[in-house]
Amino acid sequence: MAPRTPAAAGSAVARVLRAPALHSVVAAVLVGALFLVGTGADPFGAYGSVVSGALGPDGIGSTLTTGTSIIGLALALAIPMRAGLLNLGGDGQLVLGGIAAAATGLYSPLPAPLTVVASLLAGMAAGAAYAALAAVCQNRFGVPLLVSSLLLGYPAMSFASYLARFPLKEDGSSLPQTRRMPEGVELPAFGSSTVTVGLLLVAVAVAVFVFADARTATGYEIRMTGLNPRFAAYAGVDRPRLTLRLMALSGAVAGLVGAIGVLSFPYRFIDGSLTAAGHTWTGLTAALLAAAAPVGTALAALFFAALEVGGLAMERTTEVPRELTQVLQAVVIVFLAARLNLTWRRARKKTVELPGDTQGANKADTKEVSVR
């Protein structure tokens with residue numbers, strides 16, 4: 001492989017600086033600063049408290065713990081999104097993975113280390129099976145995946161709630177929660193922090209997605225389907241089969257995140273605790289921001305995790321409401337959508353204006369594909 005020249009490195013940096021996602025983040029930060037100035041707050045102090053609260057010695061553990069869930073769910077939703085499929089049932093797959101892990105951990109006769117592994121696998125299997133059901137609804141009955149995945153999430157959450165409140169409920173407790181996992185049935189933590197081995201499991205899942213996306217034939221089929229489904233079908237890609245596989249993988253990762261949540265503090269399934277923070281929708285925002293690119297999705301999810309944790313620190317130290325960070329997330333997506341729509345319109349206009357110029361049309365088509 002030829003060594004990378006300074007010109008090539010400079011070109012790569014220039015591409016990053018021209019990235020729509022980066023421009024959207026910068027624009028959101030500026031809009032947030034205007035909001036702060038309008039309320040009489042100091043934007044430098046507020047943003048400084050966000051950074052120190054999320055990445056400082058007292059906040060980095062919380063950021064990584066929160067990031068474990070957000071990165072995992074962002075990855076789960078980015079897998080089918082890479083092929084142009086939208087899985088909106090992440091909450092249902094998440095809680096099914098959590099309750100399956102809880103039931104396995106409570107009743108498994110295996111030694112504690114093997115029970116932990118069995119609980120993780122059970123969570124992944126439950127999430128994968130339920131996500132695959134949404135794909136079956138589309139492939140066999142014509143129900144759009146967006147609708148089937150979203151609606152199937154509600155009975156899943158209700159079923160998990162029933163199990164936590166009745167068959168698996170802790171005796172003598174007034175809270176809707178299962179019994180605590182047996183001694184030793186938990187994910188090891190790093191020192192005295194709340195960061196567990198679950199972070200490494202999510203990192204491994206990201207690495208596998210990066211490798212499969214860039215180095216395998218399946219990854220090429222997924223990207224090609226996302227760019228142009230008709231061309232992919234003409235090239236021989238079995239879209240129903242691909243949809244089933246991707247949804248199963250998506251559900252497995254979401255179920256893994258649910259199992260990690262149960263096997264971490266407080267080592268039990270609590271009804272509503274996995275979905276109350278809204279990490280599924282934050283993960284969806286991260287996947288949209290990065291256009292489902294594996295590394296970009298992980299970085300965007302970590303960025304949103306830092307915003308969430310830093311927002312709490314900002315509220316404590318500057319009295320600026322932490323809802324500002326939610327405004328920043330929304331503005332990022334608005335600016336990104338506006339920029340991509342404008343770029344797409346320009347590419348379409350060039351294609352229409354030069355119908356006879358093959359070279360010009362090819363360039364416009366290339367731009368359009370890169371945008372999509």
Taking Leu246 as the starting point, is it possible to reach Tyr220 by hopping between hydrophobic residues whose side chains are less than 4.5 Å apart? yes
Side chain to side chain contact (heavy atoms under 4.5 Å, CB included) between Leu187 and Val116, worked out: CA-CA 7 Å; Leu187 291 174; Val116 171; 3.8 Å; yes
Verdict with supporting geometry, Thr297 and Met81, side chain to side chain contact (heavy atoms under 4.5 Å, CB included): CA-CA 11 Å; Thr297 297; Met81 191 183 297; over 6 Å; no
Looking at side-chain heavy atoms only, is the closest gap between Val237 and Met224 below 4.5 Å? yes
Kindly write out the residues that satisfy ring-ring contact (aromatic ring centres under 6.0 Å, His included) with Tyr162, not counting sequence neighbours, or none if the list is empty. Phe166
Would a 4.5 Å heavy-atom cut-off, applied to side chains only, mark Glu308 and Ile70 as touching? yes
If you measure from the Lys or Arg side-chain nitrogens to the Asp or Glu carboxylate oxygens, is any gap between Arg180 and Glu170 under 4.0 Å? no
Is it the case that the side chain of Ser108 and the backbone of Gly105 share a donor-acceptor pair, with hydrogens and angles ignored and the cut-off at 3.5 Å? no
Euclidean distance, Arg268 CZ relative to Leu106 CG, rounded to 0.5 Å: 9.5 Å
Donor-acceptor contact below 3.5 Å, side chain Ser273 vs main chain Ile270: yes
Note: Ala131 and Gly251 closest approach over all heavy atoms is CB-CA, 3.6 Å
May I have the step-by-step check of side chain to side chain contact (heavy atoms under 4.5 Å, CB included) for Phe303 and Leu299, ending in yes or no? CA-CA 6 Å; Phe303 169 71; Leu299 293 177; over 6 Å; no
Does a side-chain heavy-atom distance below 4.5 Å link Pro240 with Asp238? yes
Between Thr318 and Ser49, the two heavy atoms sitting closest are CG2-OG, 3.9 Å
Would you say that Met181 contacts Glu186 through its side chain, given a criterion of any heavy-atom pair below 4.5 Å between the two side chains? no
Do Met314 and Val37 land in one hydrophobic cluster if side-chain heavy atoms of ILVMFWY residues count as linked below 4.5 Å? no
Provide the closest heavy-atom pair for Leu120 versus Ala259 in the form atom of the first, atom of the second, distance. CD2-CB, 3.9 Å
Please say whether more than 12 non-hydrogen atoms of neighbouring residues, nucleotides or ligands are located less than 6.0 Å from CZ in Phe190. yes
Ignoring hydrogens and geometry, is there a side-chain-to-backbone donor-acceptor pair from Ser149 to Leu88 under 3.5 Å? yes
Are the side chains of Leu168 and Tyr107 in contact, using a 4.5 Å heavy-atom criterion? yes
Are Val295 and Val206 connected, step by step, through hydrophobic side chains (Ile, Leu, Val, Met, Phe, Trp, Tyr) whose heavy atoms are closer than 4.5 Å? yes
Any non-hydrogen side-chain atom of Val262 less than 4.5 Å from a side-chain atom of Tyr267? no
Without swapping roles, check the side chain of Arg223 against the backbone of Asp213 for a donor-acceptor pair under 3.5 Å. yes
Do side-chain atoms of Ser148 reach the backbone of Ala134 as a donor and acceptor pair under 3.5 angstrom? yes
Minimum side-chain heavy-atom gap Gln93-Val257 below 4.5 Å: no
Using the ring-ring contact (aromatic ring centres under 6.0 Å, His included) criterion, which residues pair with Phe141? Sequence neighbours excluded. none
Give me the atom names and distance for the closest heavy-atom approach of Ala164 to Asp271. CB-CB, 4.4 Å
If you apply the rule side chain to side chain contact (heavy atoms under 4.5 Å, CB included), what do you find for Phe265 with Thr194, and how did you get there? CA-CA 7 Å; Phe265 183 82; Thr194 57; 5.8 Å; no
Would you compute the distance between atom CD of Glu221 and atom CZ of Arg241 and round it to the nearest 0.5 angstrom? 8.5 Å
Do Ile260 and Leu263 belong to the same hydrophobic cluster, where Ile, Leu, Val, Met, Phe, Trp and Tyr are linked whenever their side-chain heavy atoms lie under 4.5 Å apart, directly or via other members? yes
When you measure from the side chain of Tyr47 to the backbone N and O of Val29, does any donor-acceptor pair fall under 3.5 Å? yes
Between CG on residue Asp58 and OG on residue Ser52, distance to nearest 0.5 Å: 9.5 Å
Any donor and acceptor pair, going by atom type alone, linking the side chain of Tyr130 with main-chain N or O of Gly153 inside 3.5 Å? no
Heavy-atom closest pair, residues Leu175 and Lys169: O-CE, 3.7 Å
Distance-only donor-acceptor check, side chains Asp91 and Thr275, under 3.5 Å: no
For a 4.5 angstrom cut-off between non-hydrogen side-chain atoms, does Leu86 reach Pro80? no
Specify the closest pair of heavy atoms between Ser264 and Thr196, including all atoms of both residues, with the distance to one decimal. OG-OG1, 3.5 Å
About how many Å separate CG of Leu249 and CG of Asn87, when rounded to the nearest 0.5 Å? 11.5 Å
Okay, side chain of Ser250, backbone of Ala76: is any donor-acceptor separation there less than 3.5 Å? yes
Check for a donor-acceptor pair, side chain of Thr178 on one end and backbone N or O of Phe269 on the other, with a separation under 3.5 Å. yes
Separation between CG (Leu55) and CG (Leu64), nearest 0.5 Å, reads 9.0 Å
Could you verify whether a donor N or O on one side chain and an acceptor N or O on the other, from Arg239 and Thr243, lie under 3.5 Å apart? no
CD/Gln138 to CG/Leu145 distance, rounded to the nearest 0.5 angstrom? 5.0 Å
Sub-3.5 Å donor-acceptor pair from the side chain of Thr66 to the main-chain atoms of Thr63, do we have one? no
Leu274-Leu73 co-clustered via ILVMFWY side chain contacts under 4.5 Å: yes
